[in-house]
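As the structure lists them, so they are numbered: ligands from 1, and atoms in each ligand from 1. Position 1 is the first residue of the sequence, and the numbers go up from there.
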Amino acid sequence: MSQEDFPYEVEVTVSHQFRASHALPMRPELHTHDWQVEFTVAGLIHPETGMLCDMLELSDFLKPFVQELDGMNLHEAPVLKSTSEMDAVTRKYPTCDTLAYHFLKRTQPALKANPRFAGIRLSCIAIRIFEPDGKEPWGSARIRPT
Ligand SMILES: [Zn+2]
């Protein structure tokens with residue numbers, strides 16, 4: 001639907017989880033967390049579908065990017081082994097913040113390049129951290145492209 005009548009933007013969120021380990025200065029032994037990654041995309045409702053995009057298709061498209069880190073020691077994950085400065089920071093400090101940046105960098109170009117997702121943009125990625133099998137996250141970070 002166009003913006004002619006009433007300006008709007010709709011946001012759709014899909015989420016995936018992975019389990020991975022890290023060690024940080026404040027907790028230096030290697031330990032495991034469950035992580036939830038929420039991808040939010042934004043745009044206009046398509047008049048022929050009544051949707052911004054097919055949520056299941058979006059979910060399936062993003063899942064492999066999350067699975068890349070499942071079961072990993074995040075300090076050694078192959079997908080984080082580029083020479084970029086931020087990847088080096090993420091390998092050293094795999095936090096909610098750096099992982100949010102990682103997923104933004106990994107998924108934004110892929111979404112833009114896929115004609116199935118034409119007209120939508122990635123508006124936010126949120127990472128929530130849980131103790132293994134914990135019911136509630138105890139922290140989270142959000143990242144938005146600027
Ligand atoms: Zn931890």
Side-chain angles (χ1 to χ4, degrees), residues 1 3 7-46 49-146:
M1 286 173 239
Q3 299 241 24
Y8 75 92
E9 186 177 63
V10 67
E11 289 190 325
V12 166
T13 300
V14 297
S15 73
H16 291 289
Q17 295 189 20
F18 67 101
R19 178 171 284 188
S21 303
H22 70 177
L24 296 175
M26 66 289 261
R27 193 172 164 189
E29 80 286 3
L30 189 69
H31 60 278
T32 301
H33 291 290
D34 290 323
W35 311 75
Q36 181 187 48
V37 190
E38 275 190 3
F39 299 92
T40 300
V41 296
L44 303 180
I45 298 169
H46 197 287
T49 62
M51 298 184 291
L52 169 63
C53 64
D54 182 328
M55 228 182 263
L56 266 180
E57 187 176 12
L58 178 67
S59 178
D60 287 348
F61 181 76
L62 293 169
K63 190 173 185 179
F65 297 102
V66 176
Q67 288 177 323
E68 286 176 336
L69 294 181
D70 192 42
M72 294 282 167
N73 171 342
L74 293 169
H75 302 279
E76 297 173 355
V79 72
L80 295 171
K81 285 201 170 154
S82 84
T83 55
S84 86
E85 188 180 344
M86 271 305 287
D87 278 358
V89 173
T90 304
R91 279 197 311 276
K92 190 170 183 186
Y93 304 110
T95 61
C96 288
D97 314 46
T98 55
L99 292 171
Y101 178 86
H102 162 75
F103 284 116
L104 179 67
K105 194 180 81 172
R106 286 285 289 154
T107 60
Q108 190 180 40
L111 273 170
K112 274 188 182 166
N114 188 323
R116 295 288 300 162
F117 302 114
I120 72 172
R121 65 181 179 80
L122 192 58
S123 67
C124 183
I125 294 175
I127 311 272
R128 295 190 175 82
I129 186 168
F130 301 71
E131 290 306 312
D133 304 315
K135 297 249 187 300
E136 297 293 331
W138 55 265
S140 64
R142 290 175 172 269
I143 193 166
R144 296 178 184 277
T146 56

Within the distance-only criterion (no hydrogens, no angle test), does the side chain of Arg128 pair as donor or acceptor with the backbone N or O of Gln36 below 3.5 angstrom?
no
I'd like to know if the side chain of Tyr101 reaches the main chain of Thr90, judged simply by a donor and an acceptor atom lying under 3.5 Å from each other, with no hydrogens or angles considered.
no
When you measure from the side chain of Arg91 to the backbone of Ser82, do you find a donor-acceptor pair of N or O atoms at a distance under 3.5 Å?
yes
For the side chain of Thr98 and the backbone of Tyr93, is there at least one donor-acceptor N/O pair under 3.5 Å apart?
yes
How about Phe130: does its CZ atom have over 12 heavy atoms from other parts shown lying under 6.0 Å from it?
yes
Under 2.8 Å from the Zn ion (ligand 1), how many protein N, O or S atoms can be found?
3
Are the side chain of His31 and the backbone N or O of His22 linked by a donor-acceptor pair below 3.5 Å?
yes
